[in-house]
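Below: one structure, written as structure tokens.
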2 protein chains.
Amino acid sequence: MKPVNEDVQHRILLSARAEFATFGLAGARIDRIASNAHASKERLYAYFSDKAALFRAVLDLNGCEFYDAVALRADAVADFVGDIFDHSLDRPEHLRMLTWARLDGVPFAPPTGSDAPAGKVETLRAAQRLGLVDTRWDPELLLTMLFSLGFAWANSPVPGAVANDPDVRSRQREAAVAAATRIIQPR
Amino acid sequence: MKPVNEDVQHRILLSARAEFATFGLAGARIDRIASNAHASKERLYAYFSDKAALFRAVLDLNGCEFYDAVALRADAVADFVGDIFDHSLDRPEHLRMLTWARLDGVPFAPPTGSDAPAGKVETLRAAQRLGLVDTRWDPELLLTMLFSLGFAWANSPVPGAVANDPDVRSRQREAAVAAATRIIQPR
DNA sequence: TAGACCAAACGAACCAGTTCGTTTGACTTT
DNA sequence: AAAGTCAAACGAACTGGTTCGTTTGGTCTA
């Protein structure tokens, strides 16, 4: 049951991602999405039932891409935080979309699979069995804190926390990884 | 200088805070703000020049309250993270407002003073001199990470991260404080 | 009387979503 | 190959409702 023209639908989805990530659900404008996608509103509503449905489609797309992008290996748990940090700079729209959705109360179902949160918790458990992560941590709580460390500057309310200077950035990254190392360190 | 009736202006400000914290700048409705404040729109626009100005006034109010609410003492740096965690549950509107403002690109100037970020960085430096915090940390980077740890669950995109069960909450809180303890530990 | 206040209404702009008439392209029939 | 058919793609214009910000007319109080 594939859509008649996947190309147009895809262009609308990408345009919607840029719009929603920039302006949020309430601030986004359907006209801008259609026009930036070089499509008509009629086409947009042919493929997506309404604004909220389009938002959810973008949210799902970003959620999957997001969890796929940051991989967790049992033998490199601290580096995982560095990867998250890098990703928050490479693809800021991912975190922005998740944040808009959370504030707007749009339910978001994390993907299932090995790259999903549940899979990452399992990997943390494996790292604990290998003696690479302190076994006293609840892996679920630990995962939340690791994500939070990686996003510390992206989420910081203080303006200018996301620095442009590469030197500052690498010092932030190193701090996050070093903090993660100290946290997981068995003793 | 002073408004003719501070009471009405204050009611509008509090109503605006609830509205903006819930719906954001674009989603907030001026009519709702006025009506919930038991005030007329005419009064609202008598005291605040436009929607954006009202938003900025709310943002400043929240920013001051926010930094005032969480105190940092040199001899209780890890507990500071616990205080942040508690505050994220007690006054979620503070973090929500700061987050809406960041996403919407509304500039936010943190307050100045001893409770402000700059003052807290100084306190961290003092804690380092007292040998309570590892001196290898850049205090500014450390502060961002401590805030981030305290907000780890409030900022988590995973729905249900903010738990209602007091047991789960206290385990989250303990994890955040324990992680902070490990991070700052001199060695 | 002056000014703080309110309810109501207004206007211009805006916005989500629909309708409608036209075009395109693939497939058939002659 | 020309003509006919049909469904989907499409753009432009339209609709009904909403929103911000302003104005008006009036009450109350110092």
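The basis for the numbers below is simple: all heavy atoms, side chains too, and nothing from hydrogens, waters or symmetry mates. Within every chain, numbering begins at 1; the chains are lettered A, B, ... in the order of the sequence lines, protein sequences first and strands thereafter.
Atom CD of A:Glu42 sits in a crowded spot, with more than 12 heavy atoms from other residues, nucleotides or ligands closer than 6.0 Å.
The separation between A:Asp50 atom CG and C:dG17 atom C1' is 9 Å, rounded to whole Å. Computed from coordinates, the B:Tyr45 OH to D:dT19 P distance equals 12 Å when rounded to whole Å. We find that CZ of A:Phe48 is positioned 16 Å from P of C:dA16, with the value rounded to whole Å. Rounded to whole Å, atom P of D:dA9 lies 14 Å from atom CG of A:Leu44. For B:His38 and C:dA7, the NE2 to P distance is 10 Å, given to the nearest whole Å. The CZ atom of A:Phe55 sits 16 Å away from the C1' atom of C:dA16 (whole-angstrom rounding).
Candidate nucleotides C:dG17, D:dA12, C:dC6 were compared by shortest atom distance to the side chain of B:Arg43, and C:dC6 ranks first. Checking C:dA16, D:dG21, C:dC6 against every side-chain atom of A:Lys51, the shortest atom distance belongs to C:dA16. Across D:dA9, C:dC6, D:dG21, the shortest atom-to-atom separation from the side chain of B:Lys41 is found for D:dG21. Closest approach to the A:Glu42 side chain among D:dA12, C:dC5, D:dG21 is made by D:dA12 (side chain taken as heavy atoms from C-beta onward).
Using a 4.0 Å cut-off between charged nitrogen and carboxylate oxygen, A:Asp79 and A:Arg73 do not count as a salt-bridge pair.
Residue pairs meeting the side-chain hydrogen bond (donor to acceptor under 3.5 Å, both in side chains) criterion with at least one partner in residues 62-71 of chain A, sequence neighbours excluded, are A:Arg17-A:Asn62, A:Arg17-A:Glu65, A:Glu65-A:Arg91, A:Glu65-A:His94.
Taking the salt bridge (charged side-chain N to carboxylate O under 4.0 Å, His left out) definition, one finds that B:Arg102 meets it with nothing, sequence neighbours left out.
The aromatic ring centres of A:Phe151 and A:Phe66 sit less than 6.0 Å apart.
With B:Tyr47 as the aromatic partner, B:Arg43 meets the cation-pi criteria of under 6.0 angstrom to the ring centre and within 45 degrees of the ring axis.
For A:Ser40, no side-chain nitrogen or oxygen approaches OP1 or OP2 of D:dC10 to under 4.0 Å.
Residues A:Arg171 and A:Asp165 are not in side-chain contact: their nearest non-hydrogen atoms beyond the backbone lie 4.5 Å or more apart.
For the segment residues 19-35 of chain B, the set of residues with a heavy atom within less than 4.0 Å of an atom of DNA chain D comprises B:Ala28, B:Arg29, B:Ile30, in numerical order.
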